[in-house]
Amino acid sequence: MSDILGDWKRTHYCGDLRAEQIGDEVCLMGWVHRRRDHGGLIFIDLRDRTGIGQLALDPDRDPEAHAKAEAVRNEFVIAARGKVSPRPEGTVNPSMKTGEVEVEISELRILNPAKTPPFMLDEFTEVAENLRLKYRYLDLRRETVQQNLIMRHQVAQTVRNYLTDNGFLEIETPVLTKSTPEGARDYLVPSRVNPGNFYALPQSPQLFKQLLMVSGFDRYFQIVKCFRDEDLRADRQPEFTQIDCELSFVDRDDVMSIMEGMVARIFKDALDIELTLPMPSLAFSEVMERFGVDNPDLRFDMELVNITDIVKGCGFKVFADVAAKDGLVKAINAKGCATFSRKDLDDLTDFVGIYGAKGLAWVKIQEDGSWQSPIAKFFSADELDAIGKALAAEPGDLLMFVADTAAVTNEALGRLRGHLGHKLGLTDPKEYKFVWVTDFPLLEWDGEERRHVAVHHPFTAPLDEDVPLLESDPGKARAKAYDLVLNGSEIGGGSIRIHDQEVQSKMFNLLGVDDEEAREKFGFLLDALEFGAPPHGGIAFGLDRIMMILTGAESIRDVIAFPKTQKATDMMSEAPGSVDEKQLRELGIRLARKPGAETKS
RNA sequence: GGGGCUGUAGUAGAGUCGGUUACAACGCCGGCCUGUCACGCCGGAGGUCGCGGGUUCGAGUCCCGUCAGCCCCGCCA
């Protein structure tokens with residue numbers, strides 16, 4: 001049986017109790033975190049989103065409140081009135097921010113009892129994630145995720161303030177939009193009013209924000225949900241949040257400098273860390289050469305070294321063949337790792353195998369400088385010397401080599417570099433290394449579809465000096481695109497857009513979208529570009545990924561209130577679910593297979 | 001679509017070479033306890049060993065399948 005709230009008003013949050021309030025009459029409301037019953041005296045740790053405060057109930061002082069407290073259990077919602085008092089000599093708890101004081105309770109109301117929760121809500125109990133997700137509303141009472149979401153709110157506020165200060169307008173764009181070719185798989189929404197037709201949920205507000213530039217809004221932003229129906233990862237959810245921006249009359253350097261100012265302000269407000277600006281910037285080609293991936297972690301060295309020229313014509317057939325056939329032979333030097341066991345090396349070989357490398361050659365540099373390696377015997381003394389010099393090899397080092405196509409070699413070794421960086425503890429979680437990656441290729445050849453695809457998206461402008469290449473050698477054209485990479489994670493990316501209708505049409509043609517299809521899918525954009533579109537460009541940041549880094553979360557689910565599982569389901573609401581036959585009929589939809597009736601073949 | 005890891009009281013775990021009635025902790029319930037703060041002490045309840053099949057005299061343990069969660073490749077900027 002619960003008590004009514006009545007005319008009680010909360011005066012303080014639990015976590016805000018301090019010595020300054022000693023003597024004050026206060027009223028607290030919250031959840032019972034723990035109850036300690038000493039037979040006589042009862043202590044209750046009362047919790048709300050600000051923290052925990054201690055209530056003291058003395059049977060001599062107030063028998064009625066004390067009797068009521070005997071019935072209280074964990075997670076009951078209670079309200080308590082009393083006087084803030086200093087804790088007696090020797091009972092101060094220095095590990096709590098409210099530990100100097102307690103509230104001597106004179107009156108207690110049980111606002112709502114609670115069943116015993118399916119798992120403990122303290123900070124010590126590790127709970128299986130599927131259970132946490134099923135009872136997410138309980139899991140969200142726990143301090144870590146709750147603090148993550150509070151910080152997420154603060155970051156969103158910082159973003160709004162910074163962008164508003166810089167002349168940006170927050171404008172909403174439609175969620176029910178049109179499916180367009182290119183990019184990720186769309187989430188579709190059937191239209192009842194137009195049977196057989198579908199909306200698509202936006203993968204990003206890309207076209208709308210460009211049209212807002214044509215309309216003259218000049219600077220736009222939105223903190224907006226985006227949807228992509230692709231498989232999930234530790235840092236990927238099917239619905240995620242972007243800080244989406246677009247600016248008119250700007251080139252790349254303008255966008256980059258305004259945006260790194262925003263990132264600096266986020267880090268200042270959230271972590272009280274001053275970033276040095278401007279952030280460094282590297283061309284895609286250089287990043288690939290030195291790190292093998294386009295999202296390098298710059299907290300440590302271990303750069304990739306190209307030894308293709310050295311091993312051209314060498315006695316080791318695997319290397320020589322790759323070098324002769326336009327492939328790439330590269331190596332990294334793991335300083336001091338000559339102690340790795342055979343099993344360690346086997347594991348690393350398996351690791352690069354994931355990315356298509358057929359093997360991982362290795363060399364341990366011994367104390368006398370000699371090479372312990374299955375492949376050393378294939379090389380001449382000069383070749384050994386040249387390789388050792390190129391990698392700055394010293395006794396105790398472990399050199400590792402991959403020889404394959406340029407794409408495989410770079411990705412395999414680049415990922416290996418990142419893997420070893422973590423394994424060897426070279427990645428300080430308190431260090432934040434930013435880098436802009438620029439000059440991406442505009443297009444990429446898709447061997448399967450036998451056509452070019454846009455590396456960024458089809459509206460990305462080529463570098464001014466590369467525009468002629470669109471005719472002569474489109475694969476060589478570079479884009480006015482930029483990614484912001486932090487500690488090996490891409491946190492944002494964008495580009496200057498094409499604002500010329502002819503260039504945009506040419507771009508669609510290069511992508512294998514013929515005029516008719518371009519007209520059908522993007523006609524409104526092509527039209528708009530003919531009515532005075534200003535030069536413009538923009539960027540989108542992944543808010544979830546930024547929050548992962550700021551909070552140190554291992555999983556994107558820890559920075560989202562109600563996340564989905566790897567199968568894109570919600571364990572709490574059990575979405576997605578089946579719908580009534582009537583709903584389907586209204587939409588003009590008939591299922592090819594009933595849910596649950598699918599036959600496993 | 002593919003590879004890997006995990007699954008045992010409410011929770012998180014142990015469980016040997018396949019062998020008696022599946023363990024102890026936390027939580028829960030009852031009792032005691034007036035300065036604790038992950039309070040303490042005594043007692044008690046609580047099990048479809050994810051599910052299905054197989055091998056065996058006998059399966060938590062071995063084999064096959066399947067489901068769920070997680071990590072990764074493909075996919076996705």
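Since the structure is predicted, the reported quantities are computational estimates derived from the model, not experimental observations. Quick note on labels: first sequence line is chain A, next is B, and so on, each numbered from 1.
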Arg252(A) and Asp439(A) ion-paired at < 4.0 Å: yes
Euclidean distance for C1', C75(B) against G2(B) (whole angstrom): 12 Å
N/O donor-acceptor pair under 3.5 Å between Arg557(A) side chain and Glu554(A) backbone: no
Expected output: side-chain Thr569(A) to main-chain Thr565(A) donor-acceptor under 3.5 Å: no
Protein-nucleotide distance (Glu129(A), atom CD; A12(B), atom C1'), rounded to Å: 15 Å
Pairing partner (Watson-Crick or G-U wobble, both distances under 3.5 angstrom) of A9(B): none
RNA chain B: 5'-proximal contact among Val127(A) and Gly39(A) (nearest heavy atom): Val127(A)
Nearest-angstrom distance, C1' atom, A25(B) to G46(B): 15 Å
Below 4.0 Å: OP1/OP2 of A38(B) and any side-chain N or O of Ser95(A): no
Residue-phosphate contact under 4.0 Å: Arg36(A) side-chain N/O, U36(B) OP1/OP2: no
Stacked pair His38(A)-U36(B), distance under 5.5 Å, angle under 30°: no
Asp48(A) side chain to Thr50(A) side chain, donor-acceptor N/O pair below 3.5 angstrom: yes
Separation between the P atoms of G30(B) and C37(B), rounded to whole Å: 22 Å
Nearest-Å distance once atom P is located in both G18(B) and G60(B): 13 Å
Polar side-chain atom of Asp62(A) near backbone of Glu64(A) as donor-acceptor pair, under 3.5 Å: yes
Touch class at under 4.0 angstrom, heavy-atom based, for Ile42(A) against every strand present: nothing
Side-chain donor or acceptor of Asp344(A) paired with backbone N/O of Ser341(A) under 3.5 Å: yes
Inter-nucleotide P distance (A38(B), C28(B)), Å rounded: 15 Å
Between Gln210(A) and His536(A), a side-chain donor and acceptor under 3.5 Å: yes
Same-atom distance (C1') from G47(B) to A22(B), integer angstrom: 9 Å
Sugar-phosphate, base or nothing in reach of Pro118(A), heavy atoms under 4.0 Å: sugar-phosphate
Base paired to G18(B) (Watson-Crick or G-U; both N/O distances under 3.5 angstrom): none
Rounded distance (Å) that lies between atom C1' of G69(B) and atom CG of Asn130(A): 5 Å
Nearest-Å distance for atom pair NZ/P, residues Lys567(A) and C71(B): 14 Å
Met571(A) CE to C70(B) C1', straight-line distance once rounded to whole Å: 11 Å
Pair partner, C37(B) [Watson-Crick or wobble, under 3.5 Å]: none
Within the 6.0 Å centroid threshold, strictly below: Phe440(A) and Tyr482(A): no
Closest to side chain of Gln566(A), choosing from C72(B), U34(B), A68(B): C72(B)
Rounded interatomic separation in angstrom, taking CZ from Arg142(A) and P from A12(B): 10 Å
Using a cutoff of under 3.5 Å, can you pull out all pairs of nitrogen or oxygen atoms linking the protein to nucleotides 74-77 of chain B, with atom names and distances?
from	atom 1	to	atom 2	distance (Å)
G74(B)	N7	Arg233(A)	NH2	2.7
G74(B)	O6	Arg233(A)	NH1	2.9
G74(B)	O6	Arg233(A)	NH2	3.1
G74(B)	N1	Asp231(A)	OD2	2.5
G74(B)	N2	Asp231(A)	OD2	3.1
C75(B)	O2'	Glu230(A)	OE1	2.4
C75(B)	O2	Arg236(A)	NH2	3.2
C75(B)	N3	Arg236(A)	NH1	3.4
C75(B)	N3	Arg236(A)	NH2	2.8
C75(B)	N4	Arg233(A)	NH2	3.3
C75(B)	N4	Arg236(A)	NH1	3.4
C76(B)	O2	Arg236(A)	NE	3.4
C76(B)	O2	Arg236(A)	NH1	2.5
C76(B)	N3	Arg236(A)	NH1	3.2
A77(B)	OP1	Ala184(A)	N	3.1

Sequence neighbours excluded, every pair satisfying ring-ring contact (aromatic ring centres under 6.0 Å, His included) that has a member inside residues 59-88 of chain A: none
Heavy-atom donor-acceptor pair, Glu126(A) side-chain to U11(B) base, under 3.5 Å: no
Any-strand Watson-Crick or G-U partner of G43(B), both distances under 3.5 Å: C29(B)
Out of C39(B), A68(B), G35(B), whichever nucleotide has its closest atom nearest the side chain of Leu41(A): G35(B)
4.5 Å side-chain heavy-atom contact, Phe541(A) and Gln242(A): no
Nucleotide U36(B), atom P - distance to NE2 of His66(A) in whole Å: 16 Å
Is there any protein nitrogen or oxygen under 3.5 Å from a nitrogen or oxygen in nucleotides 25-28 of chain B, and what are the pairs?
none

Touch class at under 4.0 angstrom, heavy-atom based, for Arg557(A) against every strand present: sugar-phosphate
Euclidean distance for P, G50(B) against G10(B) (whole angstrom): 13 Å
Test item: Arg36(A) side-chain N/O and Ile44(A) main-chain N/O as donor-acceptor pair under 3.5 Å: no
Any strand: nucleotide that pairs with A77(B) via Watson-Crick or wobble, under 3.5 Å: none
Sugar-phosphate, base or nothing in reach of Gln54(A), heavy atoms under 4.0 Å: base
Interatomic distance where NZ belongs to Lys115(A) and P belongs to C29(B) [whole Å]: 14 Å
Any-strand Watson-Crick or G-U partner of G65(B), both distances under 3.5 Å: C51(B)
Sidechain-backbone polar pair: Arg152(A) side chain, Val559(A) backbone, donor-acceptor under 3.5 Å: yes
Centroid under 5.5 Å and tilt under 30°, Phe43(A) to G35(B): no
Salt-bridge present (Asp446(A), Arg451(A); N to O < 4.0 Å): no
Spacing between Leu121(A) atom CG and G10(B) atom P, to the nearest angstrom: 17 Å
A14(B) and G7(B), which share atom name P, separated by this distance in whole Å: 8 Å
Sugar-phosphate only, base, or nothing, as touched by Ala56(A) at under 4.0 Å among non-hydrogen atoms: nothing
Sugar-phosphate, base or nothing in reach of Thr98(A), heavy atoms under 4.0 Å: nothing
